[in-house]
Structure formats: structure tokens, C-alpha cells
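Chain letters run A, B, ... following the sequence lines, proteins first, then strands; residues in each count from 1.
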Amino acid sequence: MHSQSDIVAVMVGVAVEGPYSYRVPQGMSVTRGSIVAVPLGPRLTLGVVWGPPADMIAHNRLKDIARAYDLPALSAELCELVDWVSRYTLAPPGLVLRSVLRSSEALEPERPVVAYRLSGHAPSRMTDARARVLETLADGMAWAKAAIIGASGVSASVIEGLEKSGALERLSLPAPPVVDPPDPDATAPRLGAEQAAALAAIRNADAGGFGVVLLDGVTGGGKTEVFFEVVADTLRAGRQALILLPEIALTHTFLERFTRRFGTRPAEWHSEMTPLQRARMWRGVLEGTVRAVVGARSSLFLPFRELGLVVLDEEHDGAYKQSDGANYHARDMAIVRARLAGARALLSSATPSVESRNNADTGRYLHVRLENRFASAQLPDITAIDMRETPPEKGSWIAPPVAREVFAALDRGEQALLFLNRRGYAPLTLCKACGHQYQCPDCSAWMVEHRFRGVLMCHHCGHEQRRPEACGACGASESLVAVGPGIERVAEEAAARFPEARTVIVSSDMGSNAQLRQRFSEIAKGEYDLIIGTQLVSKGHHFEKLTFVGVLDADLGLAHGDPRAAEKTFQVLTQVTGRAGRATRAGKAMLQTYHPNHPVMEAMVSGDREAFYAHEIVAREAGGLPPFGRLAALIVSATEQPVAMAHAKALLAAAPLADGLRLFGPADAPIAMVRGRHRVRLLAQSPRNFDLSGYVRFWLGLAPRPSGNLRVQVDIDPMSFF
DNA sequence: TCCCGTCTCAGC
DNA sequence: CTGAGACGGGAT
Ligand SMILES: [Zn+2]
Ligand SMILES: [Zn+2]
């Protein structure tokens, strides 16, 4: 006998189109959100009960749920988020679910801690090691085995020997909580008048449900202190809080600030955690023992059940959109999750994205500004250096006015930063005998010389070769020249021109995130005078002694024909020049540019960011670009260019007509080949009130299915057109 | 003729 | 995502 309620839909963590139906065996009880193991083909797969069965399936094909885990069910809000992200990005829902079920270890109950205490009996035989253990345990308390080993410096076998001899009593203790709960009242906040006003405005707008706040203020303006108070409000209301940061900004300094405010370290969630830490954290979030999480992008899919606040710090940061499985922008999905959870979202930035700015301007978001720097610091004085008027000398990359300011800062015993958003030594290696250019064999891109490591390297696929002595094409020796600068080359010039300065290079190939953070803290302590860095240095690090920033190629990034080029350039320049100047003295910044009249440069020099946003918003609206219109890119790739192009043309031919929809392409991608695959792009543009994801799904349903090595990737709301 | 790498598809 | 079965090119 089967009643309807014996069968449920289960979303499996596999890239299938929708949930599968399973029988609930006798004696098992599950609800929407229950985490289960189900047989799928020859194996057991993790899945989540999604609700009543969606389709009829022959009873003889139905299988039983193998196991229901002894865990709280995922919140309905999280299940809805999975469906939402899947519909929006066109990624299969099972694939999105995988970003929720990221820690399979977390599903098993945590092993109790093995502990020992004195039994009161003396051991039959005494040794030095045994005596040290007994001494450690002399307080009569139960000690965890690992703690005994740590405190008395013995091996596990000594303890086991004592247990056998009857001197120790073994017991098991419940595992301690992964973090202590943060106390919203651990310390009284110390806010300046403007911060207090901002907090009051945020509190005033709290309707107890969904709402978005854009906290908009200069770097160092005290945004963190303000959103910590919103976190405190959330904790007091008995709800959980999530603070999302770009991974690189998840620093010791930030965690320390949290600890000072809330009396305990926050739960962290990032890519460098061990599986055990990951499992304990995940389980803590689900069971509700973890109340506040500070995490990178992937923490958006943690199994909160009482989420009350999502903070997205540095909301403009491009790292929030990346593909790992599903291709989503963490900002947009954070807002969706907040809406589904009836929670607040707080976006924080010194340079908000044009999308967020427009939502604030139109009243969809509450716009809260912090105009002045904390402790009354000032914005840097920015000048444009016209590279046509005062160019660097031949073979040099630092224009004379910039070099003078570096000297001046060094003379004053302060720090200077030279910024160039290009890793390596030189972007091109050329043979001056035959004209051969070193290209990646698998990408249509130059091999970038990394002289420090003695290699040429492709930044698109990681392909490397040793730096050649002689030209690989004509065999001439001594004929290879490096063309153009990267930061290593700037460092070489700096070493020659500023030999007395202690110089450091900061870029993503300087090691792990942990090593980078170490380097940042050395800089903050003043162990270096001159910093030469890529975009990384612009990410939320405060250097008190830094008073001059020279941007060696402010135009880099404007050249790309993608719709966010101006916005991204404005944000990077604002963030990096914002490193100059702190509490006591106004900093200086110089932008080396060939386009001093470009709206971005003019806005930077005049300090009039409102003019930039106004200009950019008008341009976006006129072009029907985000946020006033929607874009979706289809990237067709294959090992043979004609195959990719032919399929792209077939896709275009199959595209249904729709009112207001425009299609562009197909065209070779700007970087036509990456990792041996030729890429052809199609672009769809629609009005804002158009379901572009739905349209693309319908379109791909009508179009020929890609076969062989053809791939079609969908990128909804692409951030770049590369 | 057999074997193995590559592709294609189903899984409830 | 994974494994099973279907091709197809090349070695034996
Ligand atoms: Zn490459
Ligand atoms: Zn040559």
C-alpha cells in the first residue's frame, strides 16, 4: 500500500534538471529541507527533500530514501535560493545545491572528545613520562587526550598504558562549540557623530523584514563600526548575521576588530579551512550554535536557519562574481537570499557599483552616507600626469613628477606606493632580429615574462616555459627584448632610482593568502618604504605611513570594449589613491595617463565622484545597459574555430523573436582562444523588465544541442566581454 | 580482431 | 557528477 505522502521529491547533488522522486521507507520521517542519502544509479548520493513529488514515475522504478541524517532541515528560504539561483544562472539546481552541501563530513555527528581523569589508583609501575601525566592531571579535572599530550609532552601510548594499569579513567566529553557566541554588548560602541547618525538612519528604516541599505563612504570613514552595530542589533533580535568579504580582505586585522567589538572571534568561512573546521562550522551554522559568520563568497550558501542580516563589504569588488559551478554575482544573490529570508542586506563600499548607486538614487535601497574620514583625515590631492607632456625617460616607466614625489615621501620618512595593474616583468617578449612574439600555444595571448622566477607565463591558462636564451624562431642569441612594463620591471627601475628605499612587491603571485597578509602587516608596521603593487594593494588595507600613490598606467582597463570598463577603472583608481593620506596629513596621488580629459580622469582629479556616477548612469541608460537593461552572453567554444562559429550561427538562427530583445554577434571573443579552445560570443540585450534568463532557457531548448567538444556557456549579466 | 580512449546518456 | 554502453581508430 502506498499513499501519496510516501513519495517525495529529492534534489540530488548532481547536475540533473530537477528533483527525483523517492519513497520514504516505513518509520522514516522527512520534511522539505531534510538532508538525505538516496540511491542514484550504482551509488548513494547526498540530496535534500524538496517537497511533494513533481512528476509521476513508474512505481517499479522508485527507490527508497536510504538514510535521513539526524540534522535540522535546511530552511525553506535556502531551498528557494537554490531554485532561484538555478533559474537565474541556468545552472542545474542540483549543481547549485552542491554549493550548499559543501561539507559531507558535517553530516555525521561530531565525535566526542576522548578525555581522562585520575581514577585514584596508583599505577603498577612508575616512569618519568607517567609521572608527568599524573602531575598534569593532579587537579582532578578531566583533560582531553590531546591536551594531556600537549601539557606533559608524552605520547598517546603512555596515556593508554596508564589507562590499562587502572590509574586513569577514560571518559568522553561532548565536543566544545566551534566558537563562543558573540556578545552584542561585550563592549560599548564608540561612534563619531556622523557614524551615530548613519546608524540611527539604518535603525530607523528597519521594518523587521527585508530591506537593503547602501552604506556609502570613503575608505577609513568608519563603515565597519557602523555595520558592526547592525550586526549587534541582529544578534540581540535572536537572528544570525553573515558578513561577506572579498577573500583577500578577510584579514587578521578584520577578525581582531570583530573580536574587540563582540568579545570573541567570529566563525570564519573561507577556502583555506581544513575539512574538519569546515564541517564543524557548517554544522554549527545549521544547528544555530554559530550566530555570526565572517566569510568569503561561498558562505552565501551556508545553512543558516535564522538569518537576519547579510553584510556585503566592498560590494563593488569584482571578485564577487566568479564562476565556481554556478556563475553568479554574490551581491545580487546576497540580496535575493536576504529577501527570501526576510532579512536585511547591507552593502558597504567607498565606490559603490553603478547598479547599487542607481538603486539607492531611485529609493529602492536606503542610501546612507559617511562623508568624512574618521578622525578627520582628508581625501588625497589627485593630479593627472599627461604622458604626452611629461613622459618618462626612454626605458623608464616612472614620469619625472611622480619620481619627485616618491623622493619627497621617502625624505619625510613616509611610505610611497607605485601602482601598476600588471603582474610580471614585461607583457611581451619580442625578437628584434626576426620579430617573433612569444605567444601561449593554447591561448591567443602573449607570454608574460616573470623574470624573478625565470619563466614566461600565460596569465590565461598558466602555461609556462623557461625564459629562453636564444630566439625560438630564428635562433639568434641576445636578440630577445622585453616590451612594456610589469611590476617586476617597475621594481627594477625603482631599485636603481631609489636605492636607499626598502622596496616590496605586492601581487597575487607572491604566495598564498596567508603570506600576502603577512606582507601587508609588515608594510603596515613600516618595515618597507616603497611598495610596488597590483590591484591587490587597493583591497582594504590601511597603511598609516603611506602618503603618496603613483598610478603608472591609469588608462589600463579603459581600453576594453566592455560596458563596465569606466566603472571598474574609476573604482580601482579611487580605491588605490585612497590609500594615500591618513589621520594626520592629506596624501597625494598622481595618475599617469594619455587621456587626462577622459571623464574618469576628470572625476578623479576634481574629486567629484558624483559627477562620475551621474555621467556613467546617463551613459548606461542611453545604451540600455545594466542596470537599465539586461545582458546575457553565450560563449560557444570548440577546439576548432569554424566549429564554434558554425554552432554560434545556428544558435542565432534558432533565436526566437521577442519584443525589445536584441542579439549581437556571433563574433570571436577578444581573447579568441583560451586553453586550446576557440571562443565565439553572442550577446543578448533586453529591457530591464524582461525575463532574460527565461528567454535564454527557452532559446537553448529550441536550438541544436551542442555535440562533440562544443560547449555553450551562459553568462547572465556578464562583467566583462573577454 | 581486439583493445582502449572518447563520447553520450541516464540516473527517480 | 559518475558509470555503463556505444562507437571508432589503430595496433596485433
Ligand atoms: Zn595560455
Ligand atoms: Zn628571432
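The stretch residues 32-42 of chain A touches DNA chain C through A/P42, each having a heavy atom within less than 4.0 Å of the strand. The stretch residues 636-650 of chain A does not touch DNA chain B, since none of its heavy atoms comes less than 4.0 Å from the strand.
Atom pair A/L62:CG and B/dC12:P shows a separation of 9 Å (rounding to whole Å applied). Atom CE in A/M11 sits about 17 Å away from atom P in B/dG11, given to the nearest Å.
Heavy-atom contacts of chain A under 4.0 Å fall on DNA chain C between two terminal nucleotides, which in 5' to 3' order are C/dC1 to C/dG3.
Counting heavy-atom neighbours within 6.0 Å of A/R697 CZ, excluding the residue itself, gives a total above 12. The environment of A/D55 atom CG is dense: over 12 non-hydrogen atoms of other residues, nucleotides or ligands sit within 6.0 angstrom.
Remark: A/R331 engages A/E315 in a salt bridge (Lys or Arg N to Asp or Glu O under 4.0 Å) (not counting sequence neighbours). Take A/F721 and apply the ring pair (Phe, Tyr, Trp, His ring centres under 6.0 Å) test, not counting sequence neighbours, and it matches no residue.
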Could you go over nucleotides 5-9 of chain B and give all protein N or O partners under 3.5 Å, atom names and distances?
unit_1, atom_1, unit_2, atom_2, d
B/dT8, OP1, A/G708, N, 3.4
B/dT8, OP2, A/G708, N, 3.4

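The structure places CG of A/L347 at 11.0 Å from CD of A/E355, a figure rounded to the nearest 0.5 Å.
The backbone N or O of A/A66 sits nowhere less than 3.5 Å from a side-chain atom of A/D64 that would complete a donor-acceptor pair.
In this structure, A/R102 is not positioned above the aromatic face of A/W282 in the sense of NZ or CZ being under 6.0 Å from the six-membered ring centre and within 45° of the axis.
In this structure, A/F304 and A/V293 have side chains that are in contact, with non-hydrogen atoms separated by less than 4.5 Å. A heavy-atom distance below 4.5 Å is found between the side chains of A/L634 and A/W699. A/W446 places a side-chain heavy atom less than 4.5 Å from the side chain of A/Q437. With contacts defined as side-chain heavy-atom distances shorter than 4.5 Å, the pair A/R265/A/V294 does not qualify. Put simply, the side chain of A/P25 reaches to within 4.5 Å of the side chain of A/I65, judged on heavy atoms.
Taking all atoms of both residues into account, the shortest heavy-atom contact from A/A241 to A/T234 is CB-CG2, 4.3 Å.
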